[in-house]
Student: 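There's a structure below that I have some questions on.
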Amino acid sequence: VNKEHTLNLLRNLEDRARKEAAGHRKYLLRLKEKHPRDLDAVFKRLHDEVFETIDCLTCARCCRVRSPRIKERDINRLAKHFNTSPKGFANQYLTADDEGDFHFKTSPCPFIGEDNLCQVYDECPDDCSEYPYTDSRNMRGMLVTLRNNIPVCPAVYEIVEKLKGVYPL
Ligand code: SF4
Ligand code: SF4
């Protein structure tokens with residue numbers, strides 16, 4: 001991993017993503033229509049390639065900018081960690097959105113340290129450990145969601161740019 005490289009990728013990420021939003025949207029929709037059989041394998045390869053060079057501890061945008069979804073089993077695990085009840089944990093840290101899904105009350109996340117380390121790493125919500133979902137199964141079904149992550153995660157931006165080289169549409 002490379003700190004300098006990560007800082008470069010973070011430079012103007014949101015501006016670049018905004019400028020290219022329409023192009024990215026069109027491309028990902030076309031890719032979905034094209035339905036390449038090897039899409040999951042290609043994503044996995046690009047995911048590994050990109051994360052080989054990115055230092056998540058330098059970035060930490062997913063912990064600072066987005067608000068992960070906290071499911072019941074995450075609440076149970078975290079409550080146990082803090083030696084409290086699920087209800088007690090939820091009252092202290094969580095809020096429900098319009099759809100009834102739980103998120104942390106505060107953003108950045110209350111568990112991100114100044115050194116960008118997650119203070120509940122072993123118990124962190126599934127939505128955190130699976131983020132940015134670029135090595136999931138059924139990446140075709142994830143393509144639309146992926147778009148929302150382009151301005152958040154420099155790795156997603158890079159993976160989408162590299163995809164264009166693999167599938168020029
Ligand atoms: S729980 Fe940990 S991994 Fe999840 S957002 Fe907070 S600091 Fe980041
Ligand atoms: S936003 Fe992406 S690159 Fe940044 S810390 Fe999260 S997963 Fe790593």
Side-chain angles (χ1 to χ4, degrees), residues 1-21 24 28 40 42-97 101-137 139 142-163:
V1 295
N2 183 326
K3 192 172 174 169
E4 203 51 46
H5 174 66
T6 307
L7 290 172
N8 275 336
L9 295 182
L10 284 169
R11 222 155 272 147
N12 306 323
L13 174 66
E14 284 183 27
D15 281 350
R16 287 186 285 123
R18 196 169 35 238
K19 274 190 202 135
E20 286 164 49
H24 281 147
L28 291 171
D40 284 0
V42 167
F43 258 100
K44 174 82 180 96
R45 176 170 63 77
L46 297 180
H47 171 98
D48 291 347
E49 209 174 289
V50 166
F51 274 100
E52 184 93 358
T53 63
I54 285 191
D55 179 19
C56 282
L57 277 181
T58 299
C59 171
R61 270 177 66 81
C62 49
C63 305
R64 296 189 178 277
V65 175
R66 78 187 275 269
S67 189
R69 183 179 166 197
I70 320 289
K71 294 189 216 127
E72 197 178 330
R73 63 165 177 270
D74 303 317
I75 299 175
N76 292 339
R77 197 166 59 230
L78 284 159
K80 202 168 162 200
H81 174 75
F82 286 107
N83 207 9
T84 182
S85 65
K87 203 172 168 196
F89 179 83
N91 283 341
Q92 187 171 353
Y93 291 108
L94 305 180
T95 181
D97 65 17
D101 292 331
F102 285 105
H103 297 270
F104 290 124
K105 275 183 193 168
T106 53
S107 175
C109 171
F111 302 123
I112 180 90
E114 272 178 33
D115 51 4
N116 282 347
L117 281 171
C118 171
Q119 291 161 352
V120 292
Y121 188 80
D122 290 334
E123 286 80 25
C124 79
D126 293 345
D127 192 20
C128 299
S129 30
E130 286 160 25
Y131 192 82
Y133 296 95
T134 39
D135 62 347
S136 309
R137 276 195 212 144
M139 284 309 302
M142 300 289 296
L143 290 176
V144 175
T145 320
L146 206 63
R147 251 171 44 206
N148 303 328
N149 292 326
I150 296 175
V152 176
C153 175
V156 174
Y157 187 104
E158 288 307 295
I159 290 168
V160 170
E161 287 300 311
K162 282 174 184 277
L163 265 180

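Residues: numbered from 1 along the sequence shown. The figures here come from the full heavy-atom set of this structure, side chains too, leaving out hydrogens, waters and symmetry mates. Both counts, for ligands and for their atoms, begin at 1 and track the order of listing.
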Student: What class does the angle between the rings of Tyr131 and Tyr133 fall in, given that below 30° is parallel, 30 to 60° is tilted and above 60° is perpendicular?
Tutor: perpendicular
Student: By number and element, which atoms of ligand 2 are closer than 4.0 Å to a non-hydrogen atom of Cys56?
Tutor: 3 (S), 5 (S), 7 (S), 8 (Fe)
Student: For atom 4 (Fe) of ligand 2, what is the nearest protein heavy atom, given as residue, atom name and distance?
Tutor: Cys59 SG, 2.3 Å
Student: Tell me whether atom 6 (Fe) of ligand 2 has Cys62 as a neighbour, meaning an N, O or S atom of it below 2.8 Å.
Tutor: yes
Student: For Arg66 versus Asp127, what's the shortest heavy-atom pair and its separation?
Tutor: NH2-OD2, 3.0 Å
Student: Apply ring-ring contact (aromatic ring centres under 6.0 Å, His included) to His103 and list each qualifying residue two or more places apart in sequence or on a separate chain.
Tutor: none
Student: Applying side-chain contact (heavy atoms from CB on, under 4.5 Å) between Cys153 and each of Pro132, Cys62, Cys56, Cys59, report the one that passes.
Tutor: Pro132
Student: Which ligand 2 atoms does Ile54 reach within 4.0 Å, using its non-hydrogen atoms?
Tutor: 3 (S)
Student: Does any donor atom in the side chain of Arg73 or Asn76 lie under 3.5 Å from an acceptor atom in the other side chain?
Tutor: no
Student: Between the main-chain N or O of Cys124 and the side-chain N or O of Arg77, is there a donor-acceptor pair closer than 3.5 Å?
Tutor: yes
Student: With 2.8 Å as the threshold, which protein atoms of type N, O or S lie near atom 2 (Fe) of ligand 1? Leave waters out.
Tutor: Cys118 SG
Student: List the closest protein heavy-atom neighbour of atom 5 (S) of ligand 2: residue, atom name, distance to the nearest 0.1 Å.
Tutor: Ala60 N, 3.3 Å
Student: Among all protein heavy atoms, pick out the one at the shortest distance from atom 2 (Fe) of ligand 2; state its residue, atom name and that distance to 0.1 Å.
Tutor: Cys153 SG, 2.3 Å
Student: Would you kindly say whether Asn116 and Arg64 are connected by a side-chain donor-acceptor distance under 3.5 Å?
Tutor: yes
Student: Among Asn148, Leu13, Thr134, which residue meets the side-chain contact (heavy atoms from CB on, under 4.5 Å) test with Val156?
Tutor: Thr134
Student: Determine the interplanar angle of the Phe111 and Phe82 rings, folded into 0 to 90°, and report it as parallel if under 30°, tilted if 30 to 60°, perpendicular if over 60°.
Tutor: parallel
